[in-house]
Amino acid sequence: MLIAETPEYEALDYQLANLLEQLNKKKSKPLRKITLAISKHTREGHIALACDPALTEALLENKVVGTADAYTPLTLNNNYIYLRRYWSYQQRLADQINTRLFFIAEKEQQREWIKQRLSHYFAHDKDDNDVNWQQTAAALALISPFLIISGGPGTGKTTTITRILALLIEQHQRTHQQPLRFSLAAPTGKAAMRMSESIHDSIKREGEQLSDEIKQQLPQESSTIHRLLGYIPNSTEFRFNKNNPLATDIVIIDEASMIDLALMTKLFEAIPPQARILLLGDKDQLASVETGSVFTDICVSANNQYNENIANYLHDMTGHALGVKQSEVKSAPIDHHIICLLKSWRFDQTSGIGTLAAAVNHGSTKEALNTLANTAFSDIQLILPIELTINQLIAPWQDYLQALKSNQSIDQLFNAFNQFRILSALRKGLNGSTYLNQHLEKQFSQQNKLYTGKRWYHGRPIMITENSYRTGLFNGDIGITLIEKGQAKVWFKTKDGMKAFSPVRLPQHETAWVITIHKSQGSEFERVLMVLPTKDTLVLTRQLIYTGITRAKNQLEIISDPSILALGINRERPQATQIRSALE
């Protein structure tokens, strides 16, 4: 008996169910039901679907379903069902990580050196917390082949990584003549460029703490992960892989929460076993758009608690006692390789943005709504949808519009444009980015702010939505259109400076007065207007709201009904993988 087609499933789901039924040589209601469900589940970003134990025996009677050691289209393991390809990715990644879950023993004289150098780089930090987790991260990085550093905006990830790189260079120089080979990368071109800029700024801030010799050796150029691995057009494989590994000693990956399971697996397999790996990200941020968000799942129970040996080492090196409770907690080996930076150097107790982000992150709906209602916080505001005016959407663009009229430089235009952004939770619908962009363009023309009667009008901002190695433009890159002598040119800020492109040369793109919260990952703006849906939707999760909030540095306005906001805060995105089980 076939399951009736419903709006719950898409054509792709039915095609897979039909194919497996043909391969199975017999019809099976349990098989068809589970195939439709796992196909839908995978489309939505989750690779593992919990399976009723009572159903497993019936499923295993089908030739297209097998256990971990059987090569079948569907894999059943520990009462979870997978598409075989994603089961394989998960196990391969777990194998790669497990081989790196150890610590390098240091001799006593080396420990004294570590203690002295940690004091040099972190002695002047003013931290109200008992434990300086940045210093602790550096202490772990010096003895660990693999380390994850998770922290929200303003927690000092870039400062920490800059000091870690300096320490690793110094450590290497003690026993080696050849300099270290570094590889810096991020999932998108925008994130890669921002990583380079952040490290460059961090080196300048460190001043005399970094010697000229160390400054010369510190890496500052970052690339996309695809470029690092050697992108092959029209292929899912890369030039660098397990059989042809990267020539590198240290790999640092930023915005790791945006990396999907397949890409993370291929990245780890291309890194030689002797190389160190450092992943940076925010475990509480939105997951990757593609299937299988592994960073968040790996860090799901990370809480800066370590076994007795690691706790004692960190105490000796930093002087910070982690406490008996932390050293006695039983945890998985992977947790000893994760550091969560807890102190925000950007948001203090007087910051409404910081207070709201913390409340949302903890799922404290009442506290979040009380924070928004607290008039003592001047940097946040909740605006009801019925109270939203067109002026609230247009007024914040005044500096950018003025910069366009006064013919300011390209740099000044980008600076003005990046001060403010409207973020939407959805792409489609009345509160979606597509409609809001069209609505804004219409209003700009009606109010004589801009002439938007042509597709390529003066001042039109766009966002690239696909990677293009031919042009050097990547998903997430922002461009500004200028009309010069009747011809449209779209300018982009690249690592090589400002570049102009004819519109016909551009890869896929869209207008960017309003962008989705997903597309805003890795960006920060002085002021943010976040527009949430008028009706509840499964897309609206705690992670989505938290990510939108933390894009704002100084001012945040949220357009939402409080009841809709509360539903989103209470909805937590489920784990996308079972990578923790594979690691344990």
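Position 1 is the first residue of the sequence; numbering continues from there. The figures here come from the full heavy-atom set of this structure, side chains too, leaving out hydrogens, waters and symmetry mates.
Geometric assessment of Lys115 against the ring of Trp113 yields a negative cation-pi assignment under the 6.0 Å and 45° thresholds.
Heavy-atom contacts from other residues, nucleotides or ligands closer than 6.0 Å to OH of Tyr231 number more than 12. Within 6.0 Å of CD in Gln274 there are more than 12 heavy atoms belonging to other residues, nucleotides or ligands. In Asp316, the CG atom is crowded: over 12 heavy atoms of neighbouring residues, nucleotides or ligands sit closer than 6.0 Å.
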Practice task
Evaluate the criterion salt bridge (charged side-chain N to carboxylate O under 4.0 Å, His left out) for residue pair Arg117 and Glu112; output intermediate values, then yes/no.
Solution key: CA-CA 9 Å; Arg117 298 314 293 162; Glu112 287 301 316; over 6 Å; no

Exercise for the section: Please assess Asp399 against Gln419 for the test side chain to side chain contact (heavy atoms under 4.5 Å, CB included), listing each intermediate value before the final yes or no. Expected result: CA-CA 9 Å; Asp399 288 346; Gln419 294 296 304; 5.9 Å; no

Problem - Stepwise salt bridge (charged side-chain N to carboxylate O under 4.0 Å, His left out) test for Lys215 and Glu206 - result: CA-CA 10 Å; Lys215 287 179 182 177; Glu206 291 298 293; over 6 Å; no

Exercise for the section: Run the numbers on Phe474 and Met193 for side chain to side chain contact (heavy atoms under 4.5 Å, CB included), then give the verdict. Expected result: CA-CA 11 Å; Phe474 300 96; Met193 186 165 66; over 6 Å; no

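In this structure, Asp282 and Thr547 have side chains that are not in contact, with every pair of non-hydrogen atoms separated by 4.5 Å or more. In this structure, Ser520 and Arg551 have side chains that are in contact, with non-hydrogen atoms separated by less than 4.5 Å. With a 4.5 Å cut-off on side-chain heavy atoms, Gln285 and Gln543 do not count as touching. Taking the side chain as every heavy atom from C-beta outward, Ser301 and Asp335 approach each other to under 4.5 Å. You'll find the side chain of Gln134 stays beyond 4.5 Å of the side chain of Thr318, heavy atoms only. Inter-residue side-chain proximity for Ile298 and Ile97 is flagged as met; some heavy-atom pair is nearer than 4.5 Å. At least one side-chain heavy atom of Tyr306 sits under 4.5 Å from a side-chain heavy atom of Leu140.
Note that CD of Glu197 and OG1 of Thr158 are 11.0 Å apart. Values are rounded to the nearest 0.5 Å. Distance check, rounded to the nearest 0.5 Å: OH of Tyr546 to CG of Leu356 gives 11.5 Å. Of the inter-residue distances, the one linking Tyr89 atom OH with Trp87 atom CH2 reads 15.5 Å to the nearest 0.5 angstrom. Going from atom CG of Leu280 over to atom CD1 of Ile164 covers 8.0 Å, rounded to the nearest 0.5 Å. With values rounded to the nearest 0.5 angstrom, Phe525 atom CZ is found 13.5 Å from Asn554 atom CG. Here Ile339 contributes atom CD1 and Leu278 contributes atom CG; the two are 11.5 Å apart, rounded to the nearest 0.5 Å.
In summary, of the residues considered (Gln171, His172, Glu170), a side chain to side chain contact (heavy atoms under 4.5 Å, CB included) with Leu168 occurs for Gln171 alone. Here the options are Thr291, Asp297, Thr296, the test is side-chain hydrogen bond (donor to acceptor under 3.5 Å, both in side chains), and the partner is Thr577; only Asp297 passes.
With hydrogens and angles disregarded, a donor-acceptor distance shorter than 3.5 Å links the side chain of Asn467 to the backbone of Asn475. For Ser150 (side chain) and Lys283 (main-chain N/O), a donor-acceptor pair under 3.5 Å exists by modelled atom type.
Salt bridge present: Arg346 and Glu524 bring a charged side-chain N and a carboxylate O closer than 4.0 Å. Of the charged side-chain nitrogens involved, none lies within less than 4.0 Å of a carboxylate oxygen, so that Asp477 and Lys190 do not count as a salt-bridged pair. Between Glu557 and Arg527 a salt bridge is recorded (basic side-chain N to carboxylate O distance below 4.0 Å).
At a cut-off of 3.5 Å, with distance as the only test, a side-chain donor of Arg100 or Gln96 sits close to an acceptor on the other residue.
Checked against a 6.0 Å centroid threshold, the rings of Phe146 and Phe268 count as neighbours.
Between His226 and Phe238, the angle of the ring planes goes over 60°, which puts this pair in the perpendicular group of the 30/60° scheme.
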